[in-house]
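Structure first, commentary second.
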Amino acid sequence: MIETKASSDVAGIVAPSRSERAIDSAKHHLLQNYKQQPVVLVKGEGAWVWDADGRKYLDLIQGIATCALGHCHPAVVAAARAQLETLWHVSNVFYTEPQLQLAERVTRAFGGKDSRAFFCNSGAEANEALIKLARRFQHEIAGQKERSEIITFEGSFHGRTLATVTATAQPKYQAGFEPLPKGFVYAPMGDLDAVKRLVGPQTAAILIEPIQGEGGVRPAPAGFLAALRELCDEHGLLLLIDEVQTGIGRTGLPFAYQHHGIQPDAISLAKSLGNGLPIGAMVCSDAVGKALPSGTHGSTFGGNPVAAAAALATWDLATAPEMMKANARKGELLLGLANELKARRPGRVVEARGRGLLFGIEVDTGAADVVARCRQHGLLVNLAGEKTVRFAPAFVTTEAELTEGLTMFERSL
Ligand SMILES: Cc1ncc(COP(=O)(O)O)c(C=O)c1O
């Protein structure tokens with residue numbers, strides 16, 4: 001039988017708990033590449049999770065903005081289970097229906113019948129697809145062989161593969177992996193003049209997150225995406241939007257760029273798309289998508305039927321208008337509560353930022369300790385950047401639960 005609590009043996013020695021045993025095993029057997037919180041989670045339901053010793057937590061980070069509908073949502077469980085019992089995997093040598101239905105949904109939201117989807121398994125892969133698309137579009141469709149450089153933004157995060165970590169304009173993620181691939185240059189976020197200075201005959205595209213997630217939940221300044229769109233049009237560049245963390249209704253619209261009144265050439269999706277099952281996507285206009293014809297790109301598992309069936313069920317609920325409206329309203333509630341907290345603790349709370357259910361509270365110091373104390377109070381959140389505590393609640397989280405979460409956060413300051 002598996003023990004769930006620390007227990008004493010006859011000699012009075014306390015035996016390690018189930019969590020302690022698991023964490024000890026992790027220290028010996030896992031690559032030590034993550035800064036993991038010392039919790040072993042074994043069960044989840046909606047906004048709540050339980051650890052291996054039976055402790056319950058309010059989960060306001062949800063796999064880092066991944067379980068959009070919360071843990072084990074019945075509609076997603078039913079869709080994935082039905083698909084598991086029917087057909088698991090055939091690769092992309094054949095068509096499968098869940099992938100095609102999902103493609104219909106995401107392309108309709110992106111730009112109607114004149115757009116295309118490519119499926120992969122993660123955010124980094126979706127961004128790799130964007131990078132390859134941009135280069136091949138310039139080289140093969142636009143006939144601009146010299147255009148291969150991509151402009152990205154300081155504080156961004158686009159993934160951990162060699163190309164996407166190079167697109168990620170944060171030296172801490174790149175250190176030690178040199179030589180990095182060529183063809184990426186960086187501008188300060190929001191600085192249009194700096195971007196203009198970087199544009200030249202070598203530029204292929206601009207890649208940006210509408211809200212920098214890992215960089216500290218920092219929204220792009222008003223008007224900036226529209227200005228980038230204009231610049232791209234002027235110079236024949238592609239505008240690529242990384243919606244990996246912001247996508248699928250989280251901010252109140254299917255994609256966060258839609259708040260800015262622009263149409264990008266291509267976007268990347270992952271995280272919330274499969275509600276926790278691994279699936280990513282690159283969605284682009286047909287004109288641009290012609291750059292990747294048969295044989296130029298692919299993925300064995302990409303758009304796997306089980307992940308795609310889960311994604312389809314997730315999409316229909318997560319992007320329902322009433323759900324997205326509620327996300328926007330809950331975001332306002334969080335912002336209001338955090339600003340009241342800021343007024344009570346001036347100096348300690350520096351700023352509250354975000355949109356809808358992607359939200360960050362910057363504290364003056366000791367953000368990692370705040371996260372640890374939140375956990376002790378029964379709240380799961382994580383760090384984004386050095387000083388920001390990130391909240392990415394499931395859309396099913398109630399307003400009462402969000403309020404409870406902010407109370408636990410205040411106690412942790
Ligand atoms: C904006 C953004 N892009 C890309 C990625 C990489 O996604 P993945 O970890 O699924 O490769 C992340 C992950 O945090 C992200 O936040």
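This chain uses plain numbering: 1 for the first residue, then up along the sequence. Atom set for the values below is all heavy atoms of this structure, side chains included, hydrogens, waters and symmetry mates excluded. In listed order, ligands and their atoms are each counted from 1.
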### Query
So does Glu386 have more than 12 non-hydrogen atoms from other groups sitting under 6.0 Å from CD?
no
### Thr164 and Asn127 side chains, donor-acceptor separation under 3.5 Å
no
### Query
How about Gln174: does its CD atom have over 12 heavy atoms from other parts shown lying under 6.0 Å from it?
yes
#### Entry: Protein residues that have a heavy atom under 4.0 Å from any atom of ligand 1, sorted by chain and number
Ser122, Gly123, Ala124, Asn127, Phe157, His158, Gly159, Glu209, Glu214, Asp242, Val244, Gln245, Lys271
### Task
Taking the side chain as every heavy atom from C-beta outward, state whether Gln99 and Asn92 have any atom pair closer than 4.5 Å.
yes
### Query
So which of Lys387, Arg353, Arg390 actually passes salt bridge (Lys or Arg N to Asp or Glu O under 4.0 Å) with Glu362?
Arg353
### Query
Crowded around Lys330 NZ? As in, over 12 foreign heavy atoms under 6.0 Å?
yes
